[in-house]
**Q** 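What follows is a single structure, and I will ask about it in a moment.
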Amino acid sequence: MTGHDHRHDVRSGAVSAGEPRRGFLVKAFAIACGGLASLVPAAAGVWAFLDPLGRRSAAARFIPVAELGAIPADGVPRRFPVITDRTDAWTGYAAEPIGAVWLRREPGSEAVQALTAKCPHAGCSVEMGPGGRCFRCPCHNSEFTFDGAIVAPSPSPRAMDSLECEIDKEGRVAVKWQDFLAGVAGKVAKR
Amino acid sequence: MNGPSATGGGRGPLGRLADFLDDRTGYRALVHEALYERVPGGARWRYVWGSTLVFAFMTQVITGLFLWANYAPSAQTAWESVWYIQHEMAGGWLLRGIHHFMAQAMVILLALHLLQVVIDGAYKAPREVNFWLGLVLMVLVLGMALTGYLLPWDQKGYWATIVATNLAGIVPVVGPSLQQLVVGGNEYGHHTLTRFFALHAGFLPATLVLFLVVHLALFRKHGLHAKQPITRPDAMFWPDQVLKDAVAMLAVMAVVLGVILVPAVRTMLAGGTVDWGHVGAELGAPADPAEAYAAARPEWYFLFLFQFLKVFEGWGATGEFFGAIVVPGLVMGVMFLMPIIGNWRLGHRFNVAFTLGIILGAGLLTALALDEDYCSLWIDKASLADAEKLHEATGGDEAKIAEALGNDASKIAAMKKQLARLEAWRNSHAFLEASRRAKVEAERAVELAGRPERIPPTGALDLVRHDPFLRGPKLFGLADGKDCASCHAFVDPAAADAAARFAAASAANLHGFGTTAWIRGLFDPKRVAGPEYFGNTAHKDGDMVAFVRDEMSDPSKWKPEEIEAVTVALAAEAGLPDPVARPEQVAHGRTLIADTDRCGACHTFHDNGTEPGSAPDLTGWGSREWLVGIVTDPTHERFYGESNDRMPAFGTTMETDQIGILADWLRGEWYRPLGHGPVKAAGAAAVR
């Protein structure tokens with residue numbers, strides 16, 4: 001950082017033969033030193049900034065969400081919160097709602113169908129549609145039948161995401177909780 | 001950075017693009033203007049300091065922005081997010097390390113730049129305004145250093161900031177309001193952090209950039225103030241001075257990286273594994289307004305001010321006002337007047353002498369401050385034995401000391417010196433002890449934060465406050481001999497000074513309470529009436545002592561394997577992880593304890609039918625629940641009832657959860673990371 005002395009207003013163009021011509025190596029060395037010194041903080045910053053790329057979603061696991069008896073066998077889905085321990089960077093939350101599922105049972109059947117309440121279009125929360133005859137997402141009006149299929153025309157690229165379901169001997173219903181990428185045609189689990 | 005020869009011509013596609021850009025922006029003239037400036041007398045190393053400062057500032061901006069991307073300023077998230085950056089994020093330790101140490105490098109570079117400008121007389125006409133701008137920039141940098149120190153919200157930053165903001169409060173008239181505005185209220189908390197963060201990352205750097213732009217523009221206007229006399233031919237800024245500047249920048253960065261990495265490299269060379277979270281900038285325990293922090297010190301570059309204030313200690317608030325506001329204000333005032341003073345005949349010499357004097361004075365004060373804190377490391381305490389004895393005998397009473405020395409004036413003077421050294425040693429020792437404890441607490445806080453459950457939403461301070469390992473010794477009164485420790489010893493019987501410390505206690509040793517080792521000592525006829533157990537209590541001549549001495553020591557009444565069975569059965573009640581006893585041995589022991597002809601004659605045990613009140617219930621003896629019960633109320637019929645000896649019912653003075661923490665600590669139950677004990681050996685020994 002320097003300039004010309006105020007007494008001589010001489011530009012480089014007027015520099016005489018007395019001006020030493022510096023070789024390529026000197027310039028390269030100056031750029032290398034300055035570049036290297038500046039690279040260090042930038043590299044450290046980018047290294048830390050990229051940290052989230054190395055992090056994975058919690059592994060998919062079965063989380064109990066309801067008693068079988070709480071799901072009426074009338075073919076109409078009921079919404080249940082998914083409650084489990086959750087980690088958000090440095091904070092650990094005990095028993096927090098992390099999402100919701102729609103559970104449904106056909107008359108006379110023990111089998112439970114589980115659909116995640118997260119809309120596969122843009123990730124809003126799917127609700128019961130008007131009249132209670134289908135699902136509807138309030139954000140962009142995607143509609144789905146009770147078994148999750150798209151009601152055309154729909155902005156959603158795919159049907160609602162089904163989740164694996166397990167019922168233990170005591171009649172507790174657990175779903176294999178997983179988060180899927182929104183906005184794509186395929187059902188792809190988040191990393 | 002290209003010279004005209006590299007960009008001119010415009011024959012290839014690149015050249016044509018350059019021509020296009022130059023046509024639209026005129027960048028070649030700009031680059032030319034920036035690079036091709038004459039340096040009268042040629043490039044010199046003494047001109048690099050300004051450039052290194054700009055480089056240091058840019059480093060702070062870059063690392064600061066990336067830190068900002070991960071920092072959360074609030075009382076429950078500041079420490080936590082910094083912990084996450086330092087210990088969990090890839091490269092976070094390096095990012096924070098560079099920011100932390102470059103801040104310190106910047107203070108040194110500021111001093112060098114100022115010194116060079118004053119010595120070379122670069123503040124004189126026509127550069128006065130630029131000198132003043134430089135002084136403003138200096139104050140801004142120091143302000144950023146001060147505000148940045150608080151942001152991790154650890155004990156160190158928190159208590160240092162309390163001192164700094166209290167000093168702001170002593171400014172006449174506006175002081176208290178100023179303090180309230182900076183702190184964001186009357187209490188330190190969320191708004192202290194949000195305000196300090198806004199100052200540190202917003203107001204101050206934005207102001208600094210404004211001043212810096214004008215500073216650089218004026219610098220270019222007046223040109224470089226060349227070192228006189230000019231003996232060598234002029235040179236160009238590019239590449240001659242740029243090369244020197246770049247080498248200096250790289251050197252600064254190398255020093256910063258060295259400070260961060262050298263300890264880690266040494267660990268590696270010694271064959272150890274490096275815990276990268278502990279490399280670089282320190283992170284203390286979370287700020288705790290309830291835990292005064294004896295090791296609180298400002299960052300080293302403010303240590304001279306801290307020491308300077310001590311000069312005025314006896315003067316009260318006036319002294320503080322004088323030392324913290326008036327004198328630094330006068331010094332800054334003289335510096336602002338330097339361009340005018342410099343016009344007088346001896347003015348320049350005065351300015352140089354003044355600046356050197358201030359820097360030397362600050363250095364001297366820093367050395368004094370360090371000496372006060374660390375002198376116990378080099379004062380030979382053995383040489384102060386006489387002074388120590390005399391001090392103890394007289395209680396420091398001057399008349400008594402004079403009498404003891406036969407009123408010999410020379411002896412009294414010599415002794416006074418020794419006594420002063422003794423006090424210095426003690427103060428330093430207390431500081432080092434506080435620093436060591438602070439280190440243990442910091443490491444433990446980090447360990448707790450790293451649990452798989454992570455930090456609760458209430459914050460890391462909550463974890464620290466409920467940690468038996470940290471809190472237990474304080475509740476017990478281990479360090480100051482209060483509370484439990486005012487009667488009970490807590491000493492490993494294998495310790496060298498165990499006997500003396502047992503003798504000094506007036507109730508049983510609780511170290512290892514609930515373990516087979518502790519019970520074996522109780523059943524030892526030689527130890528039961530010693531100070532380690534009942535020797536210094538009303539139970540010295542009680543039924544238990546008599547029972548151990550007369551009955552249990554008689555092999556015809558108690559076979560050794562029966563005593564052992566009772567021992568392991570009692571330890572099983574406590575439920576501590578002990579060498580595993582055989583189930584049938586425990587069952588045998590339980591029968592013997594319940595037996596109304598043996599232990600059960602006095603002690604209740606499960607449903608053995610003994611009337612409660614004559615001796616403590618042995619059901620769940622030594623368990624957490626049992627310990628909470630006896631500490632809450634030892635006079636309850638389940639425990640000592642009317643035969644309770646002096647032990648207060650702490651249920652009236654302590655919260656139940658605190659008694660629980662105490663019980664957990666006595667039982668040695670606290671979180672331990674896999675692979676090693678809490679805070680490793682040195683730390684554990686330190687807290688206990």
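Per chain, numbering begins at 1; letters A, B, ... match sequence-line order. What's counted below: heavy atoms across the whole structure, side chains too, no hydrogens, waters or symmetry copies.
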**Q** For the residue pair A/Phe146 and A/Phe135, is the inter-centroid distance of their aromatic rings smaller than 6.0 Å?
**A**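 Aromatic pair counts; centres sit under 6.0 Å.
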**Q** Specify which of B/Val247, B/Thr77, B/Leu257 makes the most heavy-atom pairs with chain A at under 4.5 Å.
**A**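 The candidate making the most pairs under 4.5 Å is B/Thr77.
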**Q** Quick check: under 4.5 Å, non-hydrogen atoms only, which of residues 157-171 of chain A neighbour chain B?
**A**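 Answer by number: none.
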**Q** Identify, with sequence neighbours excluded, every residue that meets side chain to side chain contact (heavy atoms under 4.5 Å, CB included) alongside A/Ile150.
**A**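 Listed in chain order: A/Phe144, A/Ser154.
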**Q** By disulfide (SG to SG under 2.5 Å), which residues pair with A/Cys134, not counting sequence neighbours?
**A**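 Scan of A/Cys134 (disulfide (SG to SG under 2.5 Å), adjacent residues dropped) gives none.
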**Q** Hey, which of B/Pro457, B/Gly92, B/Gly459 has the most heavy atom pairs under 4.5 Å with chain A?
**A**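 Greatest number of close heavy-atom pairs with chain A: B/Pro457.
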**Q** At a heavy-atom distance under 4.5 Å, which candidate from B/Gly91, B/Pro456, B/Ala43, B/Gly97 has the highest pair count against chain A?
**A**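 Ranked by heavy-atom pairs under 4.5 Å with chain A, first place is B/Gly91.
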**Q** Among A/Gly45, A/Ala30, A/Ala44, which residue forms the greatest number of heavy-atom pairs with chain B at distances under 4.5 Å?
**A**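 Result: the option with the highest number of such pairs is A/Gly45.
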**Q** If you apply the rule salt bridge (charged side-chain N to carboxylate O under 4.0 Å, His left out), what do you find for A/Asp74 with A/Arg78, and how did you get there?
**A** CA-CA 10 Å; A/Asp74 57 2; A/Arg78 294 287 191 286; 3.7 Å; yes
**Q** What part of B/Ala69 gets closer than 4.5 Å to chain A, counting heavy atoms only: side chain, backbone, both or neither?
**A**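 Contact with chain A: side chain only.
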**Q** Listed by chain and number, what are the side chain to side chain contact (heavy atoms under 4.5 Å, CB included) partners of B/Ala460, not counting sequence neighbours?
**A**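 For B/Ala460, the residues satisfying side chain to side chain contact (heavy atoms under 4.5 Å, CB included) (neighbours in sequence not counted) are B/Trp79, B/Glu80, B/Pro286, B/Ile455.
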**Q** Quick check on the 6.0 Å ring-centre criterion: do B/His215 and B/Phe211 meet it?
**A**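 No, ring centres 6.0 Å or more apart.
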**Q** If we count only N and O atoms by modelled type, under 3.5 Å, do the side chains of B/Arg96 and B/Thr63 hold a donor and an acceptor together?
**A**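 Not at all, the side chains of B/Arg96 and B/Thr63 share no donor-acceptor pair under 3.5 Å.
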**Q** At a 4.5 Å cut-off on heavy atoms, which part of B/Glu453 comes close to chain A: side chain, backbone, both, or neither?
**A**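 The backbone, not the side chain.
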**Q** Report the option among A/Cys33, A/Ser38, A/Pro52 that has the most heavy-atom pairs separated by less than 4.5 Å from atoms of chain B.
**A**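 Counting heavy-atom pairs under 4.5 Å, the top option is A/Cys33.
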**Q** Side chain from CB out, backbone as N, CA, C, O: work out which of these in B/Ile85 comes under 4.5 Å of a heavy atom of chain A, or both, or neither.
**A**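 For B/Ile85, neither part sits under 4.5 Å from chain A.
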**Q** Can you confirm whether the side chains of B/Asp120 and B/His225 place a donor and an acceptor under 3.5 Å from each other?
**A**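 No.
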**Q** Please rank B/Ala72, B/Gly42, B/Ala246, B/Ala90 by heavy-atom pairs under 4.5 Å with chain A and give me the top one.
**A**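 Among B/Ala72, B/Gly42, B/Ala246, B/Ala90, the one with the most close pairs to chain A is B/Ala90.
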**Q** Tell me whether the count of non-hydrogen atoms from other residues, nucleotides or ligands lying under 6.0 Å of CH2 in A/Trp90 goes above 12.
**A**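 Atom CH2 in A/Trp90 is crowded, with more than 12 foreign heavy atoms closer than 6.0 Å.
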**Q** With side chains defined as the heavy atoms from C-beta onward, is the minimum distance between A/Trp177 and A/Val101 less than 4.5 Å?
**A**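 They are in contact (side-chain heavy atoms under 4.5 Å apart), so the answer is yes.
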**Q** Could you tell me which portion of B/Leu95 (side chain, backbone, both or neither) has an atom closer than 4.5 angstrom to a non-hydrogen atom of chain A?
**A**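 Both backbone and side chain of B/Leu95 come within 4.5 Å of chain A.
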**Q** Using only atom types and a distance under 3.5 Å, with no angle test, would you say the side chain of A/Arg56 pairs donor to acceptor with the backbone of A/Leu53?
**A**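 Yes.
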